Engineer: 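Sending over a structure as structure tokens; questions will come in a sec.
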Protein chains: 2
Amino acid sequence: MPEILSPTYTRADEAFDCLQTAIVKGDLAPGEKIGELELCSRFNLTRGPLREALGRLESRGLLVRRPHAGVKVVSVSASELMELYRIREVMEGLAARQAAERMTDQEIADLQATLDSHERMIDEAQGQAYYQAEGDYDFHHRIATGSRNTKLAQMLLGDLYYMVRMYRYRLSTSTGRPQRALGEHRRIVEAIAQRDGELAEFLMKRHINAARQNIEKKIQEGEITI
Amino acid sequence: MPEILSPTYTRADEAFDCLQTAIVKGDLAPGEKIGELELCSRFNLTRGPLREALGRLESRGLLVRRPHAGVKVVSVSASELMELYRIREVMEGLAARQAAERMTDQEIADLQATLDSHERMIDEAQGQAYYQAEGDYDFHHRIATGSRNTKLAQMLLGDLYYMVRMYRYRLSTSTGRPQRALGEHRRIVEAIAQRDGELAEFLMKRHINAARQNIEKKIQEGEITI
DNA sequence: TTCCTTCGCATTGTTGACAATCTATGGATC
DNA sequence: GATCCATAGATTGTCAACAATGCGAAGGAA
């Protein structure tokens, strides 16, 4: 991890980033109770900045805090994870629609290029779900940003994705249907390239809905447990 | 403000609530730069808890913070406010749909009762936009909660509404069309009572879209400025 | 044996002092 | 007269000690 990222990067920012990635990567397991002093020694921090970071993380819903009783990593149930996908469905649908209206031609070209790279990733590293998940994240990230809707991007990238990614890492599988997902991504980008916002929204909603149903099925079949 | 709200209510919580309401009510104006020590003396706090609260508020997008340079109340431009309404449209649409599927009969009855009370409020206090806005907030609040979607309610009530309310207080006008809004509310509740989620979603989206267009028109006509 | 009470300890919440950084004011130079 | 630089002041970031609260272990009573 780089010592200096931004010209001004406070300890609290550092603590926030460390904890966030630790939670997302699963180094801090959901439901795990964590002590402040333990975290301090683990990340070489003092309690001041740490507590500030804890406040931010709590506000984002990654931690739950009970006064005088410590903090726990949030544990999301299967049904709650499904609810997250419902929210993603409508929000990313909006993002796709606005992206179709507002992304620059250059951004769209870049997006298509990343899809090519994702295709190579799938061919080369068959079954390496981790990299597929990263590619998937990259795609959705670009569209959220491309919507030019600051708050929307902030909510998607700063809240929802972290919670979803948290479980992606744990499940060690993206949607489990990489080729099909890639095809859906391509169609969405096509719609965006044609500036057809309505279609882009429809396709994105269907895409996320399919991902949700896929996970739901796996959970019901007992393939994966949460 | 009560001294003890919850059995355990920390200073940081207190600071958070104070600042949040101060921002929403406009006591701290958008764009205003605020010093920490000034806030401390104003709310009788020390800097530790205050800083923790500032972190939370920044994370929620109500403050912007530049290291070593202080915090500013976020100032939302007219176009950004419109974007907020776009987000509300899809998210509250989802909330209405899920509320139709999940609210209890008792909750629906209560919701209808509050609409009756809102109607009286409109008749009695004609033009008292403040109370109308509160009634409007109450309605949307109940539906967000009724969705039984924890994260959705959290995002709506904890993020979006505060930003929207911030400007409602400033503009000192709800949507400016109380009777019409009430009628739309009634139709939405009817759809929910009939457990017609699809219709509830459609009506809610149209309701918020109308509110957005109404504000947009007023802004363009120069009636209100942001 | 099991439940309740009580006490001690560990952990969290809070405070005030110290260090690092930015902004603004003033002066000097072009 | 305008622009750049330097210094001073204030403000923010950080730290370590102190106070308050919750949790668990130990002991006694039913």
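In this text, all values refer to a predicted model and were calculated from it rather than measured experimentally. The chains referred to below are lettered A, B, ... by the order of the sequence lines, with proteins before strands, and numbering in each begins at 1.
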Engineer: Name the one of B:R60, B:Q154, B:E58 that satisfies side chain to side chain donor-acceptor pair (under 3.5 Å) with A:S59?
Structural biologist: B:R60
Engineer: Would you check if B:V164 and B:Y85 make a side-chain contact, meaning some heavy-atom pair closer than 4.5 Å?
Structural biologist: yes
Engineer: Please report, rounded to the nearest Å, how far the C1' atom of C:dG13 is from the CZ atom of A:R65.
Structural biologist: 9 Å
Engineer: Are there more than 12 heavy atoms of other residues, nucleotides or ligands under 6.0 Å from atom CZ of B:R195?
Structural biologist: yes
Engineer: Which pairs, protein N/O on one side and nucleotides 15-18 of chain D N/O on the other, fall under 3.5 Å?
Structural biologist:
from	atom 1	to	atom 2	distance (Å)
D:dC15	OP2	A:T46	OG1	2.3

Engineer: Under 4.0 Å between a side-chain N or O of A:R66 and OP1 or OP2 of D:dG22?
Structural biologist: no
Engineer: Whole-Å distance between C:dT14 C1' and A:E36 CD?
Structural biologist: 12 Å
Engineer: Starting at CG of A:L37 and ending at P of C:dG13, how long is that distance when rounded to a whole Å?
Structural biologist: 12 Å
Engineer: If I take atom CD in residue B:E52 and atom P in nucleotide C:dT15, what distance separates them, rounded to the nearest angstrom?
Structural biologist: 12 Å
Engineer: Heavy atoms from C-beta onward define the side chain here; which of D:dT11, D:dC23, D:dG13 lies closest to that of A:A69?
Structural biologist: D:dC23
Engineer: Nearest whole Å is fine: how far is C:dT11 C1' from A:R51 CZ?
Structural biologist: 11 Å
Engineer: With a 4.0 Å cut-off on N to O distance, would you call B:R51 and A:E52 a salt bridge?
Structural biologist: yes
Engineer: Quick one: label B:L54 by what it contacts on the DNA or RNA (base, sugar-phosphate, nothing), any heavy atom closer than 4.0 Å.
Structural biologist: nothing
Engineer: From the set C:dT21, D:dT21, C:dT14, return the single nucleotide nearest to any side-chain atom of A:H68.
Structural biologist: D:dT21
Engineer: Spell out, as yes or no, whether a donor-acceptor pair under 3.5 Å connects the side chain of B:R165 to the backbone of B:V24.
Structural biologist: no
Engineer: What is the distance, to the nearest angstrom, from the CG atom on B:L50 to the C1' atom on C:dG13?
Structural biologist: 15 Å
Engineer: Any donor-acceptor pair under 3.5 Å linking the side-chain atoms of B:Q98 with those of B:E201?
Structural biologist: no
Engineer: Using distance alone, with no hydrogens and no angle criterion, decide if B:H118 and B:D136 have a side-chain donor and acceptor under 3.5 Å apart.
Structural biologist: no
Engineer: Provide, to the nearest angstrom, the distance between the CG atom belonging to B:L63 and the P atom belonging to D:dT12.
Structural biologist: 12 Å
